[in-house]
Amino acid sequence: MSDLYKEPRSSDPFQEPNDYNAPFNPPPVVPPTNSKAVASMVLGILSVVIPYIGLIIGIVGIILSSLSLKEINRHGEQGRGMAIAGLVCSIIGTLIYTLIIIFIVIVFIVAASSGDPDIFSDI
């Protein structure tokens, strides 16, 4: 009586016999990519490329990449490399524009303290 309800066996002689009739194993489940990691990488690249607002974009990129790294460790998502790339690019962009702003401020301070009122007339 138990033989009446079994699935028919395959006629393929090379197929391994098993007690279940599964045609294939299900594909492995890939964890999703963290969207904050993608955004931090994009903002990190933009902070290096876009002038004038690169400092602000870099700071936002640093914050997003640190948040995404915490979420990736907590939830096991993908995107760790993108978050690290966003962090590195954001730090580089922030440093570049911070140094440019410091240089411009120093130039204006030196020019203002020189005492020559016509120092900016040549510019």
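Because the structure is a prediction, the values reported are computed rather than measured. Residue numbers count from 1 along this sequence. Computed over heavy atoms, backbone and side chain alike; hydrogens, waters and symmetry mates excluded.
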Considering non-hydrogen atoms only, spot the tightest contact between [X] and [Y] and give its length.
X	Y	answer
G76	P31	O-CB, 3.6 Å
T33	G79	CG2-CA, 4.1 Å
C89	S47	O-OG, 3.4 Å
S40	G61	CB-O, 3.8 Å

Note to self: Do I50 and V60 sit in one hydrophobic cluster, given that two such residues count as connected whenever their side-chain heavy atoms are within less than 4.5 Å of each other, even indirectly?
What the structure shows: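 Both belong to a single hydrophobic cluster.
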Rounded distance [0.5 Å steps], [atom1] in [X] versus [atom2] in [Y]:
X	Y	atom1	atom2	result
L95	L99	CG	CG	6.0 Å
N34	S65	CG	OG	11.0 Å
E77	I72	CD	CD1	6.5 Å
I59	L55	CD1	CG	4.5 Å
M41	L64	CE	CG	12.5 Å

Next item on the list: Can you spot which of V42, I62, L43, V49 makes a side chain to side chain contact (heavy atoms under 4.5 Å, CB included) with I57?
Entry: L43
Margin query: Strictly by side chain to side chain donor-acceptor pair (under 3.5 Å), give each pair with a member in residues 80-103 just once, sequence neighbours left out.
Written below: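 For residues 80-103: N73-R80.
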Item checked: side-chain contact (heavy atoms from CB on, under 4.5 Å) involving I96 - partner list, sequence neighbours excluded -> I92, I100
Checklist line | Residues that E71 engages under salt bridge (charged side-chain N to carboxylate O under 4.0 Å, His left out), provided they are two or more places apart | finding: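 Result, salt bridge (charged side-chain N to carboxylate O under 4.0 Å, His left out) vs E71: K36.
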